[in-house]
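Hydrogens, waters and symmetry mates are skipped; everything else that's a heavy atom, side chains included, is used. Lettering of chains follows the sequences in order, A, B, ..., and the numbering in each one begins at 1.
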Amino acid sequence: MFSVSLNAETHFLQRIWDEECVVYVIDSGETYLLSSACSYLLEHLESGPVLVQTLLYEFLSSSDDLPQAEVSSLLGDIIQELRKIGLISTVEKLS
Amino acid sequence: MSGHGLAISVGSFDIRLRSDISSVARGVELLYGDYALTPDEELIDFEIDLYPPGVLRRWLRPQVTFSFERHAPFKPLPRAQAFAMFEWGLNWVIANNIHEYAIVHAATVEKSGRAVILPGTPGSGKSTLCAAMVYRGWRLLSDEMALISLRDGLLKPFPRPIGLKNASIDIIRNYSDSIIMGETVADTAKGTVAHMRAPRSSIDSGKEPARAHRIAFPTYKPSTPAQTTPLSKGQALMRLIENCFNYPVLGQKGFSTLANTIDQCECMAIEYDSMDQAMEILER
């Protein structure tokens, strides 16, 4: 089981417009155009680490009955994208 | 212009130019004749010299060297390009030394208090469109770079001669009888170039900033009726950042300033063949 958290060592600014979010990573000076789903995930992590299962539940409950496989795949892609640019970290938790 | 040189006020900047090259003097007289001279007691923002290189080189091949505050950042160019080198060098000076603004490669014009930013990707025709617009009643804020204040987000005017190249020179020369064009210089790195004098009204209002309300990314496309495509705010911001010379040095202030600019603007791409059609769209 994995938990996801904001990377404490990475500082960033973001602007959200409709379906898009532009993130400026202060530490690297890089700017990224992301989907607003990324911003939705970042917002969920503001209060602390969250288990992937909990995130999936949150995403499913706000996804208007989309199939679980599709939502799960979207969540996986978002986590991978945000990890790649250093905004979040994932940690394996022993159950 | 030799000796102490000539100090002129361009917008809110004061530039001192020293040169004893006759084509520079002719260019300045023709294209900067309407600008106010900087009073002696004023501080000069940019000290620029244009001079022939060493004696032997001067004899073998007439050239010109551009220097900013006693430093020559470029290799000499053929002497015929001396005035153009002043303009290009001044662009470099601004882009590398003025960091209280986000500096975007763009033309900026204003009408009725509403400014339009026309970012300039290669082949966009931004200068041609900008030149036509200012001779149809738009105020020229700047042709080559949008200066967006980090403090208040306003566009700082920097109305200088408009640089035109190749076919654009005759297109604009034929656009209006009142257009004053400097000397045409062939075989530069940009092809054939000439500069067009900025309108007197734009020079006189060169200290009045303007607020951007529209960003239009132009593309000249022959045989295409003028048409616009809306750009999302995110796409527009990324494209604006690509065109921002000093984005890497501005840090988060640069990001916030450009994002705020996008926030307040309608963002679009515009393809055009006819400048009149493009202007009609941009007037709306």
More than 12 heavy atoms of other groups within 6.0 Å of B:Lys207 NZ
yes
Value for CH2 (A:Trp17) from CG (B:Asp263), rounded to nearest 0.5 Å, stands at 5.5 Å
- Query: Are A:Tyr24 and B:Ser256 close enough that a side-chain donor and a side-chain acceptor fall under 3.5 Å?
  - Reply: no
Applying a strict 4.5 Å limit to non-hydrogen atoms, the region of A:Tyr32 in contact with chain B is backbone
**Asked** For A:Glu9, does the CD atom have more than 12 heavy-atom neighbours from other residues, nucleotides or ligands under 6.0 Å away?
**Response** no
Taken to the nearest 0.5 Å, the spacing of B:Leu258 CG from A:Thr31 OG1 works out to 9.0 Å
Margin query: Could you walk me through whether A:Ile26 and B:Phe255 satisfy the side chain to side chain contact (heavy atoms under 4.5 Å, CB included) test, starting with their C-alpha distance in whole Å, then the side-chain angles of each, then the deciding distance to 0.1 Å, before giving a yes or no?
Written below: CA-CA 10 Å; A:Ile26 296 169; B:Phe255 173 78; over 6 Å; no
Heavy atoms from other residues, nucleotides or ligands near CD of B:Glu283 exceed 12 (cutoff 6.0 Å): yes
Distance col, row A:Glu20:CD vs B:Met238:CE, nearest 0.5 angstrom, shows 10.0 Å
Discussion item. Taking CD in A:Gln68 as the centre, count heavy atoms belonging to other residues, nucleotides or ligands within less than 6.0 Å. Is the count above 12?
Written reply: no
Output for pair (B:Ile262 CD1, A:Arg15 CZ), nearest 0.5 Å, gives 10.5 Å
Tell me if the NZ atom of B:Lys165 is crowded by more than 12 foreign heavy atoms within 6.0 Å.
no
If you tally heavy-atom pairs under 4.5 Å between each of B:Gly234, B:Pro248, B:Gly254 and chain A, the highest tally belongs to B:Gly234
### Message
Could you check whether atom CG of B:Asp276 has more than 12 heavy atoms from other residues, nucleotides or ligands sitting under 6.0 Å from it?
### Response
yes
